[in-house]
Amino acid sequence: MIDRQLAGTKFPDYNIGVERSQIRLFAKAIGETDPRYLDVYAARGQGHPDLLAPPTFLVGLAATENTDAMAAIFKAGGDLRRLLHGEQAVNYFRDAHAGDELRCAARIGQVYDKRDGELEFVELQTDVTDAANGQRVVSMTSVLVFKNRQV
Amino acid sequence: MHTAAAIEVGTTLPALELPAISRTTLALFAGGSGDHNPIHIDTDFARDAGMPDVFAHGMLSMAYLGRLLTGWVDQRQIRSITVRFAAVTPVGARPRCEGTVTAIDTTTPIPTATIELTVHLPDGTTTLHGTAVINP
């Protein structure tokens, strides 16, 4: 049982740096061959300041760097072995590129269960802005599911 | 890239057929995405968690949906992508990504088109349902 007091927890803001090598590895992993994601000169030729981050790139990067949230979820009773990704939403305001320094503001949304507690849900919301000028880049909501028994 | 004139309700996006997902793909995606959850890369851990084997990151399939979209419109036209992960994708599966335009809204200052997205496997399992909103 995950402690419902987790709901609404806000975490300290943290920064993430978007790196060329990380974008290239992500692109390679998903079989992406479009040069906007791989070749700085091609990206610039299409009006981008540097390599373009693919649409879902920031989801993983923001989550990886948010060690506070995962620590809080595990401390509240969430078990990594029972964790599934239930839902993911990303709203886009602006592209992200290699070289960007981004600021993440993350908080836990609702914590709830279904099927008499067999499935527990934790919402994690992350707003990402450009650390240099405060422009909104993306806002993201992840729904994490903990499967407590075989269902 | 597509313009408003070319997109109408019922328009289908060119499907994206992926090769079989290998353990190498999962290892690369763990590094590329930063999701190092061992359930996707360590068979011992997966079995200990009650799974028959490692399985693909949900975000790998969502990234494939991203490719489906950016192969069709400029990435700057995407306003949102929302997905629900419905079933796990086993190692060796060959996902197929599809999208269909289901609504166009021209009442907003910048028109939007809604695209229903699915990822399914050759055995008929739907692994992801989703929706994208774009500016056509």
Side-chain angles (χ1 to χ4, degrees), chain A residues 16 19 21-34 36-37 43 46-48 52-67 70 79-97 138-145 147 149-151, chain B residues 1 16-19 21 24-40 45-51 55-71 74-88 128-135:
Chain A
I16 53 178
E19 295 173 6
S21 58
Q22 192 71 24
I23 291 177
R24 286 201 190 96
L25 179 56
F26 185 94
K28 179 180 179 181
I30 68 170
E32 178 59 80
T33 56
D34 186 317
R36 284 176 296 179
Y37 307 104
Q46 295 186 46
H48 295 283
L52 176 61
T56 60
F57 177 80
L58 292 178
V59 178
L61 188 60
T64 305
E65 299 294 329
N66 193 354
T67 47
M70 290 318 290
D79 179 350
L80 179 65
R81 279 160 218 278
R82 301 178 184 282
L83 171 62
L84 292 170
H85 199 166
E87 297 173 32
Q88 181 66 48
V90 188
N91 291 299
Y92 298 93
F93 304 102
R94 205 205 74 184
D95 280 340
H97 297 97
V138 293
S139 67
M140 309 186 283
T141 303
S142 307
V143 180
L144 308 180
V145 183
K147 198 172 161 183
R149 288 193 294 272
Q150 291 298 323
V151 291
Chain B
M1 291 299 149
L16 180 65
E17 305 245 19
L18 284 310
I21 293 178
T24 301
T25 303
L26 299 184
L28 288 172
F29 192 74
S33 71
D35 182 345
H36 302 164
N37 185 339
I39 201 109
H40 303 299
F45 183 94
R47 288 187 180 144
D48 192 40
M51 299 299 295
F55 56 94
H57 307 73
M59 287 308 300
L60 176 60
S61 292
M62 190 174 180
Y64 290 146
L65 286 176
R67 280 185 56 195
L68 177 79
L69 292 167
T70 59
D74 190 283
Q75 188 172 321
R76 286 168 280 205
Q77 292 171 250
I78 302 173
R79 298 277 62 83
S80 67
I81 310 175
T82 302
V83 303
R84 190 167 62 80
F85 302 99
V88 299
L128 266 75
H129 298 278
T131 304
V133 176
I134 64 159
N135 296 131

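The structure presented is a predicted model; accordingly, all values stated were derived computationally and were not measured. No hydrogens, no waters, no symmetry mates; every other heavy atom, side chains included, goes into these values. Letters A, B, ... mirror the listed sequences (proteins, then strands); counts begin at 1.
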Counting only pairs under 3.5 Å, give me each side-chain donor-acceptor contact of residues 83-90 of chain A, with atom names and distances, residues two or more places apart or in other chains.
{"from": "A:His85", "atom 1": "NE2", "to": "A:Glu87", "atom 2": "O", "distance (Å)": "3.3"}
{"from": "A:His85", "atom 1": "NE2", "to": "A:Gln88", "atom 2": "OE1", "distance (Å)": "3.0"}
{"from": "A:Gln88", "atom 1": "OE1", "to": "A:Ser142", "atom 2": "OG", "distance (Å)": "2.7"}
{"from": "A:Gln88", "atom 1": "NE2", "to": "A:Thr141", "atom 2": "O", "distance (Å)": "3.2"}

Starting from the C-alpha separation in whole Å, work towards a yes-or-no answer on side-chain contact (heavy atoms from CB on, under 4.5 Å) for B:Phe85 and A:Val145.
CA-CA 10 Å; B:Phe85 302 99; A:Val145 183; over 6 Å; no
So which of [options] has the largest heavy-atom pair count under 4.5 angstrom toward chain B?
| options | result |
| --- | --- |
| A:Phe26, A:Phe93, A:Tyr92, A:Phe57 | A:Tyr92 |
| A:Gly60, A:Ser21, A:Ala29, A:Ala27 | A:Ala29 |
| A:Val138, A:Leu52, A:Ile23, A:Val143 | A:Leu52 |
| A:Leu80, A:Leu61, A:Val59 | A:Leu80 |

Select one option (side chain, backbone, both, neither) describing which atoms of [X] are under 4.5 Å from chain B's heavy atoms.
| X | result |
| --- | --- |
| A:Ala53 | backbone |
| A:Glu65 | neither |
| A:Asn91 | both |

Take B:Thr70 and A:Glu32 through the side-chain contact (heavy atoms from CB on, under 4.5 Å) test and state the conclusion after the steps.
CA-CA 10 Å; B:Thr70 59; A:Glu32 178 59 80; 4.1 Å; yes
Roughly how far, to the nearest 0.5 Å, is the [atom2] atom of [Y] from the [atom1] atom of [X]?
| X | Y | atom1 | atom2 | result |
| --- | --- | --- | --- | --- |
| B:Met59 | A:Thr56 | CE | OG1 | 4.5 Å |
| B:Ile39 | A:Arg82 | CD1 | CZ | 10.5 Å |
| B:Arg76 | A:His48 | CZ | NE2 | 3.5 Å |

Which donor-acceptor pairs under 3.5 Å do the side chains of residues 29-36 of chain B make with protein atoms, sequence neighbours left out?
{"from": "B:Ser33", "atom 1": "OG", "to": "B:Phe29", "atom 2": "O", "distance (Å)": "2.7"}
{"from": "B:Ser33", "atom 1": "OG", "to": "B:Asp35", "atom 2": "N", "distance (Å)": "3.1"}
{"from": "B:Asp35", "atom 1": "OD1", "to": "B:Asn37", "atom 2": "N", "distance (Å)": "3.0"}
{"from": "B:His36", "atom 1": "NE2", "to": "B:Ala30", "atom 2": "O", "distance (Å)": "3.4"}

B:Ile78 versus A:Pro55, closest heavy-atom pair with distance:
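Minimum heavy-atom separation between B:Ile78 and A:Pro55: CD1-CG, 4.3 Å.
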Contacting region of B:Pro38 [heavy-atom separation from chain A under 4.5 Å]:
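For B:Pro38, the contact with chain A is made by the side chain alone.
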If we check side chain to side chain contact (heavy atoms under 4.5 Å, CB included) with A:Ile30, which of these qualifies: B:Leu18, B:Leu60, B:Leu28?
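Of B:Leu18, B:Leu60, B:Leu28, side chain to side chain contact (heavy atoms under 4.5 Å, CB included) with A:Ile30 is met by B:Leu60 alone.
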Sort out for me which of B:Met51, B:Arg79, B:His57, B:Arg84 touches chain A most, counting heavy-atom pairs under 4.5 Å.
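Highest number of heavy-atom pairs under 4.5 Å: B:Arg79.
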